[in-house]
Novice: 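Please find one structure pasted underneath; my questions will follow.
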Amino acid sequence: MTGSDWRLYELFYEELNLSSPFESFSFEPGYVLYMCLFKILGISFWPYFIITKAIIFLVCVHFIKKYSGDKFYLCYTYFVFSFGIFFFVDNPMRNLIAATIMLFAIEKLISKNYWQYIFIVIIASLFHVSAILMLIIPVLFSFRINNWGLFTIFILLNIASVTLLSHFLGAVEFLSSLFSYLEGKFTSYFVKSGEETFGRLFSLGFIIQFLFFLLLLYSRKYLEAQGNTGKLIFSFGILYVFFYRLGLSIDLFYRFQMYLSLFYTIAIVNIQGIFKVGINRTSYSIYLMSLLLMFTYTTITSSPKYVPYTNYFVYSIFYDDLDYNYRSDYNYKFSPYKNEE
């Protein structure tokens, strides 16, 4: 079947013991309790998984519509094809739930209800621990760094990613060794061979993000003229590019991009507003659509996770229950894109 993370989630869901759900600490407690709710109701794994994805998708659409204004359709299209394929097909479920909860927290940040923001961030971290980093956002949001300062930070991030990476990994490895729970996370998110990391430092994706970074700086006055919401959209757009750069070296930072992706989408689509109606605005829209085609093609052909596409509802209606191993191996056997390690 399509995707990858569902394999672990299905095993955990099926083996979850309602009388002692926390005996295995593989997942955060909020996610364990959420699974327990569906187990108590007698709902099997795939209906539970699909219901959860549907709720998340509808929440995302709601917030895109709320913050994108008259650019809803372009923002929606860009978000679905740039991020949605990974979010809803590959589906890092715990991280996705946490990122969706964060959308409600950001509402509180915009209205400056900081205690409510902190409370919701803590709730999100019960589904994926990475959400706790979002507690620093109000602090960052309270500073206004000019464009030259942001550009300098970006350059320093690039230099640090190349020259200080090994020192950073050594420090994180030492800290993770002090806590058994973090050791597995270190292996999953931080351990990278030097060759692989170096190969990801500069890529077409990096060049595209750098161009968006420059356009965001150029359109800053236009975006921030939209009040607190515009200031946050600009700030999250910039932060996304920073985390993208860090994520090229360390996978953990890619996870943080999920919390910013919706507002990043709105930011880069709103750049269109700096162009006068006519050829420039049309050209920018064509540029975005061209990127979508490239992103979509690259995503679905880079691994066997997406092709051939399979649908739970079709198989549940026309076929008997399929063996877990058969479903797990299906795409790896039959996908024409088998270059994933």
Novice: Go through the steps to decide whether Tyr287 and Ile208 satisfy the test side chain to side chain contact (heavy atoms under 4.5 Å, CB included), and finish with yes or no.
Specialist: CA-CA 11 Å; Tyr287 171 66; Ile208 291 170; 4.2 Å; yes
Novice: Can you name the residues that form a side chain to side chain contact (heavy atoms under 4.5 Å, CB included) with Ile286, not counting sequence neighbours?
Specialist: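 Testing Ile286 for side chain to side chain contact (heavy atoms under 4.5 Å, CB included), a comparison that skips the adjacent residues, returns Thr282, Ser290.
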Novice: Would Tyr297 and Met294 show up in the same hydrophobic cluster when neighbours are defined by side-chain heavy atoms closer than 4.5 Å?
Specialist: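 The answer is no; the residues belong to distinct hydrophobic clusters.
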Novice: In terms of hydrophobic clusters joined by side-chain contacts under 4.5 Å, are Val139 and Ile137 together?
Specialist: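 No, Val139 does not connect to Ile137 through the hydrophobic network.
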Novice: Tyr9: what forms a side-chain hydrogen bond (donor to acceptor under 3.5 Å, both in side chains) with it, not counting sequence neighbours?
Specialist: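 Arg94.
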Novice: Which is it for Ser285 and Gln272 under the side chain to side chain contact (heavy atoms under 4.5 Å, CB included) test, yes or no, and what are the steps along the way?
Specialist: CA-CA 7 Å; Ser285 297; Gln272 186 188 60; 2.3 Å; yes
Novice: What residues form a side-chain hydrogen bond (donor to acceptor under 3.5 Å, both in side chains) with Lys108, not counting sequence neighbours?
Specialist: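 Lys108 satisfies side-chain hydrogen bond (donor to acceptor under 3.5 Å, both in side chains) with Gln116 only.
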Novice: Could you state whether Leu41 and Leu16 fall into the same hydrophobic cluster, counting links through intermediate Ile, Leu, Val, Met, Phe, Trp or Tyr residues with side-chain heavy atoms under 4.5 angstrom apart?
Specialist: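 Looking at the clustering, Leu16 is in the same group as Leu41.
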Novice: Applying side chain to side chain contact (heavy atoms under 4.5 Å, CB included), name anything that partners Pro308, two or more places apart in sequence or on another chain.
Specialist: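 Once residues adjacent in sequence are excluded, the partners of Pro308 under the side chain to side chain contact (heavy atoms under 4.5 Å, CB included) criterion are Tyr330, Asn331, Phe334, Ser335.
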Novice: Would you say Leu58 ends up clustered with Ile101 if hydrophobic residues are merged whenever their side chains have heavy atoms under 4.5 Å apart, either directly or through other cluster members?
Specialist: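 No; tracing contacts between hydrophobic side chains, which count when under 4.5 Å, never links both residues.
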Novice: Hey, could you give me each pair passing side-chain hydrogen bond (donor to acceptor under 3.5 Å, both in side chains) that has a residue in residues 30-43? Not counting sequence neighbours.
Specialist: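 Sorted result for residues 30-43: Tyr31-Tyr48, Tyr34-Thr52.
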Novice: Does the ring center of Phe63 lie less than 6.0 Å from the ring center of Phe104?
Specialist: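 So the answer is yes for these two rings.
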Novice: Among residues at least two apart in sequence or on other chains, which ones pass ring-ring contact (aromatic ring centres under 6.0 Å, His included) with Phe151?
Specialist: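 Not a single residue meets the ring-ring contact (aromatic ring centres under 6.0 Å, His included) criterion with Phe151.
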Novice: With a 4.5 Å limit on heavy-atom distance, are the side chains of Val61 and Phe72 in contact?
Specialist: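 The answer is yes, as the side chains (C-beta and beyond) meet within the 4.5 Å cut-off.
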Novice: Considering only heavy atoms from C-beta outward, does the side chain of Phe49 approach that of Glu10 to under 4.5 Å?
Specialist: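 No, every pair of side-chain atoms sits at 4.5 Å or beyond.
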Novice: So, using ring-ring contact (aromatic ring centres under 6.0 Å, His included) as the criterion, who are the partners of Phe81 when residues are at least two apart?
Specialist: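 Here no residue qualifies.
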Novice: Report yes or no: do Ile136 and Tyr259 belong to one cluster of Ile/Leu/Val/Met/Phe/Trp/Tyr joined by side chain heavy-atom distances under 4.5 Å?
Specialist: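 Yes: a chain of side-chain contacts under 4.5 Å links Ile136 to Tyr259.
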Novice: Using the six-membered ring wherever Trp is involved, compare the ring planes of Phe256 and Phe243 and label them parallel, tilted or perpendicular (cut-offs 30° and 60°).
Specialist: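 Taking Phe243 first and then Phe256, their aromatic rings sit tilted (interplane angle of 30° to 60°).
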Novice: Listing request: all side-chain hydrogen bond (donor to acceptor under 3.5 Å, both in side chains) pairs with a residue in residues 65-79, at least two apart in sequence or in separate chains.
Specialist: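 Those involving residues 65-79 are Lys66-Glu107.
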Novice: Would you list the atom pairs, donor with acceptor, under 3.5 Å between side chains in residues 83-91 and any protein atom, with sequence neighbours excluded?
Specialist:
residue, atom, partner, partner atom, Å
Asp90, OD1, Ser4, N, 3.2
Asp90, OD1, Ser4, OG, 2.5
Asp90, OD2, Lys305, NZ, 3.1
Asn91, ND2, Phe87, O, 2.8

Novice: Taking only residues two or more places apart in sequence, or in another chain, which ones meet Phe275 in a ring-ring contact (aromatic ring centres under 6.0 Å, His included)?
Specialist: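 Only Tyr284 meet the ring-ring contact (aromatic ring centres under 6.0 Å, His included) criterion with Phe275.
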Novice: Going by the rule side-chain hydrogen bond (donor to acceptor under 3.5 Å, both in side chains), which residues pair with Gln209 if we only count those two or more places apart in sequence or in a different chain?
Specialist: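 Tyr264.
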Novice: List the atom pairs, donor and acceptor, that lie under 3.5 Å between side-chain atoms in residues 214-228 and the rest of the protein, sequence neighbours left out.
Specialist:
residue, atom, partner, partner atom, Å
Ser219, OG, Leu215, O, 2.9
Ser219, OG, Leu216, O, 3.3
Arg220, NE, Glu224, OE2, 3.1
Arg220, NH1, Ile145, O, 2.7
Arg220, NH1, Asn147, OD1, 2.9
Arg220, NH2, Ile145, O, 3.0
Glu224, OE1, Arg144, NH2, 3.0

